[in-house]
Engineer: 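There's a structure below that I have some questions on.
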Amino acid sequence: MTKGKNMNIGDELRGVLRGTVLTAGDEGFEQARRPWNLAVEQPVRAVVEAADAEDVAALVRHARLAGLTVAAQPSGHGATGDNDGVVLLRTGRLDDLRVDPVERVARAGAGVKWGRVLEAASPYGLTGLAGSSPAVTVTGYTLGGGLSWFGRRHGFASRSVRAFEAVDAAGELVRVTADSDPDLFWALRGGGGDFAVVTAIEFDLHPAPTLYGGRLLWPAAMAPAVLDAYREVTATAPEELTLWYDLLQFPGAAPLVAVDATFLGAGGDAETLMRPLEKVAGRLSDSRAVLPVAELGGITAEPTDPGPGVSRAELLTGLTDEVAAALLDEPIDPLLSVQLRHLGGALARPSGTPAGHLDEPYALYLFGIPGQDGGAAVRERMERLTGALVPYTSGRKPFTFLAPGERAAAAFSPADLARLQEIKRTRDPRDTFRSNFPVLA
Ligand SMILES: Cc1cc2nc3c(=O)[nH]c(=O)nc-3n(C[C@H](O)[C@H](O)[C@H](O)COP(=O)(O)OP(=O)(O)OC[C@H]3O[C@@H](n4cnc5c(N)ncnc54)[C@H](O)[C@@H]3O)c2cc1C
């Protein structure tokens, strides 16, 4: 069969699936194809909301025969728009979540978002390796490695995966572990969504009996002093302490500078470690407290509803005086935030996954909302800042921090990229699966 272009793809898919199928002209199609990042257009052929894992398998078997391409996209947080003509697969109905506090393991269906896992694990003093947003799915985040608040202590989230339940390119339901299929297991632990559709993920939970965290906030005039203190504290911080430095410019408000913190331990110890920051004058607020893990997402309070955004990330080889000067050279406007994330610790050690290890001690993450100009001013400001930082950036980017227009190759070592490409060619020779950042692109 050819690519199926002469058939009515909607009827074709409805013939083999129990879930919802929408194509152009159907009521709800425009809404259904929209990603979380509303700045990204998705010219897809159809949107399928799978009823369950069997339905995913039926879709993949049909796609294989009909020459269709399937792109799993639970939420579209990582949407790139590079999905012209694909069948977009929504996994929201794969929403089963189980937490076993004795074995310290969770099993989350492919539609489950981090917020639910944190709520379920919190009463047992356990946590998964979530990042800043409770609204991204565990599966999409973990397939890309997953840079967690607790990465300095426990490494990339993908390292904590015990098993994937997935549909392979032959349309078979498989359970993938280090023993059952070492190559596929390795590729799924950080290589993205190019190798299979994951229907559920089983991963370790980690102890967080006394999580402490929150945000310290000052007027932007204090940004240099806060950055000095941030550099001092992060230079010697234990792996249990993670600090992010944020220059913030909310529309219509005065610019601010913040430090966000989590500490896997007693609050008193964190306060001692953070004393240089406490000494910076002019603090507007301090929300640090002992937190239930369920409230992790409240620290940065990132938006959980869809909206347009432009982002860019870089890894910094150091936080020298020159880097500090470039960051603070001029107001960040029209950007909304310029964030530094402290890395190191377990993130700097070999992970045995495609996420590798990060030699760079800090990540830089820039975010802005495109205006009437489609984001030109935001991109220009990002370009100016990253241009000034070229001598201090490595060029590598964590997979989950890649932005539209960037390539998977930026996330992997050459050897790991070659291995991922080989696995893609042998496991998905018909190119049935399309990741947001394909490894062969
Ligand atoms: C507000 C915000 C905060 C963030 N914070 C962090 C952070 O702290 N740390 C971090 O590492 N990242 C962070 N990210 C990035 C985020 O982890 C990635 O965008 C991730 O890809 C989102 O996964 P998703 O499934 O929600 O998004 P989607 O865009 O729906 O999926 C992303 C990709 O994952 C793959 N995928 C998803 N589900 C499946 C599946 N079932 N089978 C096969 N492939 C699949 C697909 O290739 C898909 O294109 C953040 C993003 C946002 C918007």
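All ligand and atom numbering here is 1-based and tracks the order in the structure. Along the sequence shown, the residues carry numbers beginning at 1.
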Engineer: Holding to side chain to side chain contact (heavy atoms under 4.5 Å, CB included), I want the full list of residues that pass it with Tyr124, two or more places apart in sequence or in another chain.
Structural biologist: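 Val99, Pro101, Leu126.
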Engineer: Are the side chains of Ile423 and Val439 in touch, meaning some heavy atoms are under 4.5 Å apart?
Structural biologist: no
Engineer: For ligand 1, what are the residues with a heavy-atom contact below 4.0 Å?
Structural biologist: Trp36, Ala72, Gln73, Pro74, Ser75, Gly76, His77, Gly78, Ala79, Ala110, Gly131, Ser132, Ser133, Val136, Thr137, Thr139, Gly140, Tyr141, Leu143, Gly146, Leu147, Gly193, Ala196, Val197, Val198, Glu302, Arg341, Thr400, Phe401, Ser435, Asn436
Engineer: Holding to ring pair (Phe, Tyr, Trp, His ring centres under 6.0 Å), I want the full list of residues that pass it with Trp186, two or more places apart in sequence or in another chain.
Structural biologist: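 Checked Trp186 against ring pair (Phe, Tyr, Trp, His ring centres under 6.0 Å); zero matches.
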Engineer: Between Ser132 and Glu302, is the side-chain hydrogen bond (donor to acceptor under 3.5 Å, both in side chains) condition met? List the steps.
Structural biologist: CA-CA 8 Å; Ser132 55; Glu302 288 167 357; 2.9 Å; yes
Engineer: Not counting sequence neighbours, which residues clear side-chain hydrogen bond (donor to acceptor under 3.5 Å, both in side chains) with Thr353? List them please.
Structural biologist: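 Scan of Thr353 (side-chain hydrogen bond (donor to acceptor under 3.5 Å, both in side chains), adjacent residues dropped) gives Ser351.
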Engineer: Is it the case that atom CZ in Arg407 sees more than 12 heavy atoms from other parts of the structure closer than 6.0 Å?
Structural biologist: no
